[in-house]
Colleague: 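Let me begin by handing over the structure; questions about it come next.
Order of listing sets the numbers, starting from 1, for every ligand and every atom in it. The first residue in the sequence is number 1, and the count goes up from there. Just so you know, these numbers come straight off a predicted model, no measurement behind them.
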Amino acid sequence: MVISASDVRRSYGETVALDGVSLDIDAGEIYGLIGPNGAGKTTLVRALTGTTDPEGEVRLLGEDPKRADPQRLGLLPQEFSPPARLTAREVVSYYGGLYDESRDVGETLVDVGLTDSGNTYYEDLSGGQKRRVCVATTLVNDPDVLFLDEPTTGIDPQGRRDVWGLIDALADAGATVLVTTHYMEEAERLCDRVGLLAGGRLVAEGPPAALVAEHGGRPRVEIRADDSDHAREVLAAADYAFVPDERRLVVDDVAPDEVGDVATTLTDAGVAYDGLLWRQPDLEEVYLQLTGQTVGASGTPREVGDE
Ligand code: ADP
C-alpha cells in the first residue's frame, strides 16, 4: 500500500476537520477525494503528507509521512504562489534545484503544455498557465506519489483536460496520485476510485461508476420552463416524482423512451418549456443522496430541501 490511513482525526479547537478517516491507496491508482469546501480534503492531504499531526495512523510509502523520502513525493497545495518575478522556466528550475536529482526543465514545461511561455514572468501568465507552472514544480523530481490539491481550479476547460491527460500518463507510468476536487466530471473522468468526504468523514468509497450504479438512482429529466411551478403541478397530477433540487425542476425515474411522455404531458396541459434534458445520474447525485448536500461547481456546499 502506498498511502494508508487508519482512523485519522484532527480538530481545530471546536471544529472537527477529520472525524475518523481510514483509506488505502495502491501503487498506480488515481484516487479522488471529493467534497465541498470545508469537508476536510485539505486537512486529510496535510495529514497524509505529514504537515499536520493527526490522531490515528498514517503510512506513506511504508513510513511515517514525516520520514518519507521527499525525492519520491510531489505535493501541490491548494494555495501556492511561486515568486512572481521569476519566469516559468526559472520557477520550475528553482524547485528542481531543491532535489538531488531532477528532470529536464524544458521537458517538464512541455509536459504541462507550456511550450511557448517558458520565458514569461510568472506574474504575467494567465490563471490557467500559472496553475500549470505549479503542477510542473511537483513533477520536476519525477515523483512516485503525487498529492494534487485542487489542481485544476481556475484553469480553463481545455487546460483542465490537458492536466487530466498528464495525470493519466503519470499513473500509467506507475505513479500513485491522490487528487482532491469539487469538479464531479473531473473525478468521474480521471479517478480509478473516489472517496466522498463530508463533515470530516468518508461517506462512500469506490470506482465512480460503481458508486453511481449503487447510489445514483434512476435516470431523470431536467425541465426548464418559465412557469416551473405550473409544470411541477401538471406533472405531479400525472404521478411523476421529483428529485429534490432547489435550483431546477427534475423529474425522477424517466427511462429514455419515456421522455416523450413527459413532453406530451406538459404540452397537453399548455405548459411551455424551453428545455428538456435527459440525463443519467452522476457523482453529484450520489453525493446528494448520501449527504443531503450538493458539491456544486463552486465547491460551496448547499443544503437541499430548505428553501
Ligand atoms: P476542504 O479542503 O475540504 O475545503 P479543510 O480541510 O480546509 O476542507 O477544512 C475542514 C474544516 O477544518 C473547515 O471547517 C475548516 O474551517 C477547518 N480548518 C482547516 N484548517 C484549519 C486551521 N488551520 N485552523 C482552523 N480551522 C481549520
Colleague: When you measure from the centre of the six-membered ring of Tyr121, is the NZ or CZ of Arg85 under 6.0 Å away and within 45° of the axis?
Modeller: no
Colleague: Does Arg160 make a cation-pi contact with Tyr183, if we ask for NZ or CZ under 6.0 Å from the ring centre and within 45° of the axis?
Modeller: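 Yes; both conditions hold, so Arg160 lies above the ring face of Tyr183.
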Colleague: Would you say the side-chain atoms of Asp144 pair up with the backbone N or O of Thr176, donor to acceptor, closer than 3.5 Å?
Modeller: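 Pair absent, no side-chain N/O of Asp144 close to backbone of Thr176.
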Colleague: Provide, to 0.1 Å, the distance between atom 8 (O) of ligand 1 and the closest protein heavy atom, together with that atom's residue and name.
Modeller: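 Looking only at protein heavy atoms, the one closest to atom 8 (O) of ligand 1 is Gly40 N, 3.1 Å.
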Colleague: Atoms of ligand 1 less than 4.0 Å from Thr42 heavy atoms?
Modeller: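 Matching atoms, with element in brackets: 1 (P), 2 (O), 6 (O), 7 (O).
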Colleague: From the options Gly38, Ala198, Ala47, select the one whose nearest heavy atom is closest to atom 1 (P) of ligand 1.
Modeller: Gly38
Colleague: Please state which protein non-hydrogen atom is closest to atom 24 (N) of ligand 1 and give its distance, to 0.1 Å?
Modeller: Tyr12 CD2, 3.5 Å
Colleague: Tell me the protein heavy atom at minimum distance from atom 12 (O) of ligand 1, and give that distance in Å.
Modeller: Ala17 CB, 3.3 Å
Colleague: For a side-chain contact (heavy atoms from CB on, under 4.5 Å) with Val92, tell me which candidate from Val105, Val135, Thr87 qualifies.
Modeller: Val105
Colleague: Determine whether a donor-acceptor pair (N or O, by modelled atom type, separation under 3.5 Å) exists between the side chain of Asp282 and the backbone of Glu285.
Modeller: yes
Colleague: With a cut-off of 4.0 Å, which atoms of ligand 1 are near a heavy atom of Asn37?
Modeller: 4 (O)
Colleague: What atoms of ligand 1 come closer than 4.0 angstrom to any heavy atom of Thr43?
Modeller: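 That gives atoms 5 (P), 6 (O), 9 (O), 19 (C) of ligand 1.
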Colleague: What atoms in ligand 1 come closer than 4.0 Å to a heavy atom of Pro36?
Modeller: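 Per the distance check, 3 (O).
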Colleague: Checking contacts now, so for atom 15 (C) of ligand 1, which I'm interested in, is there any protein heavy atom under 4.0 Å?
Modeller: no
Colleague: Quick one: which of Val2, Val179, Ile3, Leu23 gives a side-chain contact (heavy atoms from CB on, under 4.5 Å) with Tyr31?
Modeller: Leu23
Colleague: Geometry only, no angles: is Lys41 polar-contacting ligand 1 at N/O separations under 3.5 Å?
Modeller: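 Yes.
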Colleague: Is it the case that the side chain of Arg46 and the backbone of Thr51 share a donor-acceptor pair, with hydrogens and angles ignored and the cut-off at 3.5 Å?
Modeller: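 Yes.
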